[in-house]
Amino acid sequence: MRFRWPIQVRLRWCPNCNVPLIQDYCGRCGSRGFEVKVSPPGDVRPVFSGDLEIIKESLENEFRDHSLINLLGIDRGLVLINKVPHYDDMKEVIVGGVVVGRYFFDPLKLKWRWRLSMYSAEVAVGIGLVKSVVVDRIKPLEVVRDSNDLEDTQYVIVDRDGNILGIGVVRSGKVRVQTIFSKNIKTEFISKPNSLQDFIRSNDLMLRILISRGIKHAYVMNSKVRLPVTISYSGGKDSLVALDLTLRAGLEPKVVFNDTGLELPETLDNVVMVSNHYGLELHEARPDKTFWEYLDTFGPPAKDFRWCCKLIKLIPLAKLYKDVFPQGALNVIGQRGFESIDRALSGRVWRNRWISHILNITLIQEWPQVAVWAYIISNKLKYNPLYERGFDRLGCYLCPAANIAEYYMVRKNYPSIWSLWEERLTRWAERFNLPESWVRYSLWRWLNPLASGRRRVEVRCLGKEFRSDWVLEYERRLGFSILSKELKVNHVKLVFSIVIPHDSLINQVSLLGRLSVVKNVDVLELHSDDYVIKLSRNILEVSIRNILKTNALDLVSRVVKVITRWLRCVGCGACSLWCPNKAIGLVDGKPLINNDKCLRCGVCLEVCPVSEVLVSKVLIPIITGSLSRTTEVITSRKTPKIIT
Ligand code: SF4
Ligand code: SF4
Ligand code: SF4
């Protein structure tokens, strides 16, 4: 499903000065800019030397020739790139007011490639770089001729008058239509010399508006709340601009950096360097245990299994803010609406419900990326050199939300760092008998084997879907399995592969309700007016007396959360950190609740990464037998289908 962006940069171009505009009229000559059609949200940025290297590599890989880089004007003046939706990384290149092509990462061949645009197709045919094929009319995916050329060779498709209609690509000896160009695409290239400085002068009004709005927002919010000011500095461009604007508002923020242990060295250096440069106090939030230690319990993180965000980001930050800023703080974040749909829908002031005493604000919510770079360059801010190397996104270098192109960049620039990660992935794959392609094509980025993104990569890279035994894979993550199960409306019975200690329930009994405990050597029974929970060695049974008041699956999922976190506790301390009544602590690495103090609010269960991530994402699907059923779904009263 393709999402519709709620906001978009209206990219214009001055026909006279040859500069991009983020306002309607050019600030230098007064000309009205014409609109440049780019992919939404159109958050363009200038290219750096690393991007130019990638573009050159893509042209070499595609045509064994990179003369287009000069012929298209990519090697001089102001060149913009813009992200395009793609199953991996793809960017369009804009020069002289025209989209001159797209470079993309081919995850099958593990290399950068180039796709011609209408403008570059004409240039490429003109210098004999590609062949053309004449057709009367063009239809999507139609075969237009046979070809002995190599797989993926591009052909330019033209009509009898020589008008360019589209691009064909060789697949299995046939040239098949790949792209059909719109007749309305503007291909009038402006070749007047330009630079980022010209952009700054031509967009002076809009840049001033953005800057003054940002500074004013910081100033007004500070005078309203009168709290210590912090800046979440990540070593990235957006937080750098946010930091500079905060200082210009006359505030003196403390720098907060979340060192996940998965940052590249330049980012760590930049954080220290920027804090020292501005003379600001630096506070670093680090997890108690490393990502690598948690990895043994949870396995590789995935887009649909982001346990690490909780363990190496949220929990360390919450601890730091609680310890250092117990009275609260006004926290400035370098968040922009064009970064993601979620951020586009976010306001300029918000609270995170898990660190609710901190008030977050952004000063650059409506800033396009090109304005961020204009600000950084014109104010000579000390930005992270990773951007120069072509890195787009900083932060955790192995993040499952990244694409294969980014891993390729890390591997190329930091071979020893990447090989450590690949080694861990390979070990994991061997342990679970997963094919080598699971590592090579980064299929670990999805936990759920039916995730549409994973299936798309499988089909493109392997030519087929690779079906894993997900129950086995999930059970191995848990370290135990469910041998059998009975699911009825008033009774659920689960047989585990291991004996469940009674202590796992007794020590956390208040989380399961007001219960009387009946215990003998092998059997533990917990009774309430509405239900009975019975644990006998490896057998767990839940019997409901009143199905209108208690949902059996809801209750059993809570019980297995309680049991599993006792068995697999990673000692992160989130439960005691967020408990409102200091009723829970860790004893010998296991959670222990003081039943007299416990308020039965369930917060400690909600924040626990084992119960919320491992159980919800891994154990519940095994119990329900369906990958699509998570706790949220089964606890809904609208799912009677599972009742037998
Ligand atoms: S690797 Fe990605 S998912 Fe994990 S903590 Fe970092 S940003 Fe979050
Ligand atoms: S968080 Fe709530 S349920 Fe958990 S121990 Fe504390 S008071 Fe009890
Ligand atoms: S029980 Fe507490 S310490 Fe253990 S994993 Fe859960 S939240 Fe962390």
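Nothing here was measured: the structure is a model prediction, and the numbers come from that model. Both ligands and their constituent atoms are indexed starting at 1 by order of listing. The first residue of the sequence shown is numbered 1, and numbering continues consecutively from there. FYI, side chains are in, hydrogens and waters are out, and symmetry mates aren't considered; it's all heavy atoms of this structure.
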Which protein heavy atom lies closest to [atom], and at what distance to 0.1 Å?
atom	value
atom 8 (Fe) of ligand 3	C572 SG, 2.4 Å
atom 5 (S) of ligand 3	V570 N, 3.5 Å
atom 4 (Fe) of ligand 3	C569 SG, 2.3 Å
atom 6 (Fe) of ligand 3	C608 SG, 2.4 Å
atom 7 (S) of ligand 3	C575 N, 3.4 Å
atom 2 (Fe) of ligand 1	C399 SG, 2.4 Å

Query raised in the report: Going by the angle between their ring planes, with limits at 30° and 60°, are F105 and Y408 parallel, tilted or perpendicular?
Result: tilted

Query raised in the report: Counting heavy atoms not belonging to R537, are there more than 12 under 6.0 Å from its CZ?
Result: no

Query raised in the report: With a cut-off of 2.8 Å, does any N, O or S atom of C396 fall short of it relative to atom 6 (Fe) of ligand 1?
Result: yes

For ligand 3, which atoms sit closer than 4.0 Å to a heavy atom of [X]?
X	value
G571	3 (S), 4 (Fe)
G573	3 (S), 8 (Fe)
R565	1 (S)

Query raised in the report: Which is it for W354 and Y321 under the ring-ring contact (aromatic ring centres under 6.0 Å, His included) test, yes or no, and what are the steps along the way?
Result: CA-CA 11 Å; W354 296 116; Y321 278 114; over 10 Å; no

Requested in this report: Could you check Q508 against C604 for side chain to side chain contact (heavy atoms under 4.5 Å, CB included), going step by step and ending with a plain yes or no?
Outcome: CA-CA 11 Å; Q508 307 179 78; C604 58; over 6 Å; no

Query raised in the report: Are side-chain heavy atoms of I341 and W5 found at a separation under 4.5 Å?
Result: yes

Query - Atoms in ligand 1 with a heavy atom of C309 nearer than 4.0 Å - result: 3 (S), 5 (S), 8 (Fe)

Query - Numbering as shown, the atoms of ligand 1 that approach C308 to under 4.0 Å (heavy-atom distance) - result: 1 (S), 3 (S), 4 (Fe), 5 (S)

Query raised in the report: Does L511 come within less than 4.0 Å of ligand 2, judged by its heavy atoms?
Result: yes

Query - Min heavy-atom dist G602 to ligand 2 below 4.0 Å - result: yes

Which heavy atom in [X] sits nearest to a heavy atom in [Y], and how many Å separate them?
X	Y	value
R45	D51	NH1-OD2, 2.8 Å
L317	A285	CD2-CB, 3.8 Å
D392	Y387	O-CE2, 3.8 Å

**Report entry** Matching residue for E612 among K310, K561, K617 - test: side-chain hydrogen bond (donor to acceptor under 3.5 Å, both in side chains)
**Finding:** K561

**Report entry** Whether C604 has an N, O or S atom under 2.8 Å from atom 2 (Fe) of ligand 2
**Finding:** no

Query raised in the report: Taking only heavy atoms of P580, which atoms of ligand 2 are found under 4.0 Å from at least one of them?
Result: 1 (S)

**Report entry** No-hydrogen, no-angle side-chain donor-acceptor test under 3.5 Å, Y407 and E422
**Finding:** no

Report task. Would you mind telling me if ligand 2 is within reach of the side chain of L605, the backbone, both or neither, using heavy atoms under 4.0 Å? Result -> neither

Query raised in the report: Under a 4.0 Å heavy-atom limit, does P301 contact ligand 1 with its side chain, its backbone, both, or neither?
Result: neither

**Report entry** Charged tip of R424 within 45° of W421 ring normal and under 6.0 Å
**Finding:** no

Query raised in the report: Heavy atom under 4.0 Å from ligand 3: found in L586's side chain, backbone, both, or neither?
Result: side chain

Query raised in the report: Should V332 and L243 be marked as a side chain to side chain contact (heavy atoms under 4.5 Å, CB included) after you check the CA-CA gap, both sets of side-chain angles, and the distance that decides it?
Result: CA-CA 8 Å; V332 180; L243 169 55; over 6 Å; no

